[in-house]
Q: 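Got a structure here, written out as structure tokens. Questions coming.
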Amino acid sequence: MTTVPFLACLAGLSCLLHQAVSMRESLVVSVTGGLVQGTRYKGSVRFLGLPYATAQRFQFPSPVVPAWTGLLNASQPGPQCLQKCPPVIRDLYCLPENRMSEVCLSLNVYRPAYNLPAGNTFPVMVFIHDGDFESGSGAAPLYDGEFLAKQGGGRLVFLPIFNRYDDVIGNFGIRDQEMALRWVQKNIAAFDGDPSKVTLFGAGAGCQSVALHLTSVTAQNLFRSAILQSCPFTLPFRNKNEARRVVKRFASALGCQDNDLDCYRQKSATEILRAQDDAADTASTEPPSLFQFQAWGPIIDQRGVHDSHLLQELLQAKLPPRCPGRLNPS
């Protein structure tokens, strides 16, 4: 049986430099922002903590990454986004609490520790982790990318914001993921990954994210195939009225007016997390009761999310041709 090597990043990447290049040189790659220095570990070369976007609190991400001078040491993953990781899963799914920051939009790239013949490329796999859109990190021990390839960070809480026209905006975490996919398209060739052979996959909330990217007209062309693992198709997404209730509870717990972003941004990270918990606790008692299992999921915004039921969203979407497979709801 032949094993096909993959390169991994926000999900997976295959990267390699030509055989004529020395191994020392092959650990240095040029990406958006500057040069990065990878490290060899067992059977892979790792490029960890690569910034792919920037964002202010409760703001859509920007692809603009501040450039750095010299070599960026990519031997350690970037910090995970602010969260309260449940103790029962902390050691496997999350990084230590001292490894958290609001500056968390980074990803990890893994490739086999050998060089490909000139002209050959690796297929790419991009992984989105689970965590009910509230916790977890793509750099956690459970997602060690040496075995394939893995993903980095994206903001976790899906607090809806209403603009002056009463339109729901937000789903910042989904937009972060899309930005990471765009980074892959732009940069993966530098690792000898093939941007035309990107597979997006994830489990749980990661699977929900993959499904939403499948239906998104802005993300569909950023990957060729997808793998849906353990998708919770029965969990509903919130509509505008349900989202408004979440906003009111969150703002009240934070001591702010609804949609007062200036007030939100003046609060400490601890206050934000506490308000998030308070709002989630009351969400568990509201109909439909399934919200108790995912208090901070995506919101129907008519941009990337159009239906409260994910399976219906998939069935109604005009999906481009993909690799053969089947939809297997859990």
Side-chain angles (χ1 to χ4, degrees), residues 33 51-67 78-85 97-106 131-137 152-180 182-183 205 209 212 218 237-284 286 291 294-305:
Y52 65 84
T54 55
Q56 187 179 358
R57 184 187 291 179
F58 304 121
Q59 182 185 62
F60 290 127
S62 165
V64 177
V65 174
Q80 70 183 8
C81 296
L82 294 173
Q83 58 187 268
K84 287 187 176 180
C85 193
E97 290 187 359
N98 62 357
R99 298 280 302 280
M100 294 194 300
S101 171
E102 290 193 66
V103 182
C104 59
L105 300 186
S106 65
D132 290 328
F133 300 107
E134 288 189 72
S135 61
S137 167
R155 289 168 291 175
L156 299 167
V157 174
F158 284 68
L159 178 71
I161 306 295
F162 291 82
N163 65 15
R164 60 176 176 159
Y165 303 107
D166 202 36
D167 297 322
V168 181
I169 60 176
N171 290 336
F172 302 114
I174 295 293
R175 295 287 283 272
D176 292 344
Q177 296 166 7
E178 181 179 320
M179 197 65 67
R182 294 187 182 281
W183 186 97
S209 299
L212 288 175
T218 60
F237 298 143
R238 296 179 187 273
N239 60 32
K240 180 185 292 188
N241 291 331
E242 292 159 347
R244 198 184 306 280
R245 289 199 294 268
V246 174
V247 170
K248 289 184 178 296
R249 287 196 301 267
F250 176 83
S252 175
L254 203 55
C256 298
Q257 296 295 315
D258 301 357
N259 297 306
D260 188 345
L261 296 185
D262 289 336
C263 183
Y264 293 175
R265 289 167 179 158
Q266 291 171 5
K267 302 297 182 179
S268 69
T270 299
E271 290 173 305
I272 291 289
L273 290 175
R274 186 182 302 120
Q276 172 188 323
D277 283 349
D278 291 345
D281 287 343
T282 55
S284 65
E286 71 177 50
F291 284 145
Q294 199 169 80
W296 292 103
I299 306 297
I300 300 173
D301 60 1
Q302 301 304 327
R303 177 191 180 277
V305 186

Q: Return yes if some donor-acceptor pair links the side-chain N/O of Glu242 with the main-chain N/O of Asn239 below 3.5 Å, else return no.
A: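 Yes, because the side chain of Glu242 sits within donor-acceptor range (under 3.5 Å) of the backbone of Asn239.
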Q: Let's go through Val246 and Arg249 carefully: what are the C-alpha distance in whole Å and the side-chain angles of both, what is the deciding distance for side chain to side chain contact (heavy atoms under 4.5 Å, CB included) to 0.1 Å, and is it a yes or a no?
A: CA-CA 5 Å; Val246 174; Arg249 287 196 301 267; 3.5 Å; yes
Q: For Ile272 and Leu254, which heavy atoms make the closest approach, and how far apart are they?
A: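 Distance-wise, the nearest heavy atoms are CD1-CD2, 3.7 Å.
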Q: What is the distance from atom NZ of Lys248 to atom CZ of Arg244, rounded to the nearest 0.5 Å?
A: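 Output value for this atom pair is 7.0 Å.
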Q: How many angstroms lie between atom CZ of Arg175 and atom OG1 of Thr218, to the nearest 0.5 angstrom?
A: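 So the gap between those two atoms works out to 7.0 Å.
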Q: Ignoring hydrogens and angles, tell me if any N or O in the side chain of Thr54 forms a donor-acceptor pair with the backbone of Val64 under 3.5 Å.
A: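 Yes, the answer is positive, given that a donor and an acceptor are paired below the 3.5 Å cut-off.
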Q: Check Met179 against Pro63 and note the closest heavy-atom contact, atom names and distance.
A: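 Smallest heavy-atom distance, with atoms named: SD-CB, 3.7 Å.
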Q: Restricting to non-hydrogen atoms, name the atom on Val65 and the atom on Ala53 that form the minimum distance, rounded to 0.1 Å.
A: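 Here Val65 and Ala53 meet closest at CG2-N, 3.7 Å.
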Q: Could you walk me through whether Asn171 and Phe237 pass side chain to side chain contact (heavy atoms under 4.5 Å, CB included), step by step?
A: CA-CA 11 Å; Asn171 290 336; Phe237 298 143; over 6 Å; no
Q: Kindly indicate whether the side chain of Pro51, heavy atoms from C-beta on, has any atom under 4.5 Å from the side chain of Leu105.
A: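 Result no, sub-4.5 Å side-chain heavy-atom pair not found.
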Q: So which atom in Pro61 and which in Ala55 form the shortest heavy-atom distance, rounded to 0.1 Å?
A: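 Closest approach of Pro61 to Ala55: CA-CB, 3.9 Å.
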Q: Looking at every heavy atom in both Ala243 and Arg238, which two are closest together, and how far apart are they?
A: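 The pair with the smallest heavy-atom distance is N-CB, 4.1 Å.
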Q: Which class fits the ring pair Tyr264 and Phe58: parallel under 30°, tilted 30 to 60°, perpendicular over 60°?
A: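 Perpendicular: the ring planes of Tyr264 and Phe58 meet at over 60°.
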Q: Just how far is it from atom NZ of Lys267 to atom CG of Asp262, taken to the nearest 0.5 Å?
A: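 Here the interatomic distance stands at 12.0 Å.
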Q: Which distance, rounded to the nearest 0.5 Å, do you find between the CZ of Phe172 and the CD of Gln56?
A: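 Taking CZ in Phe172 and CD in Gln56, the distance rounds to 10.5 Å.
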Q: Roughly how far, to the nearest 0.5 Å, is the SG atom of Cys256 from the CZ atom of Arg265?
A: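 It is 11.5 Å, given to the nearest 0.5 Å.
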Q: To the nearest 0.5 Å, how far apart are SG in Cys104 and CG in Asp176?
A: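 If I round to the nearest 0.5 Å, the distance is 7.5 Å.
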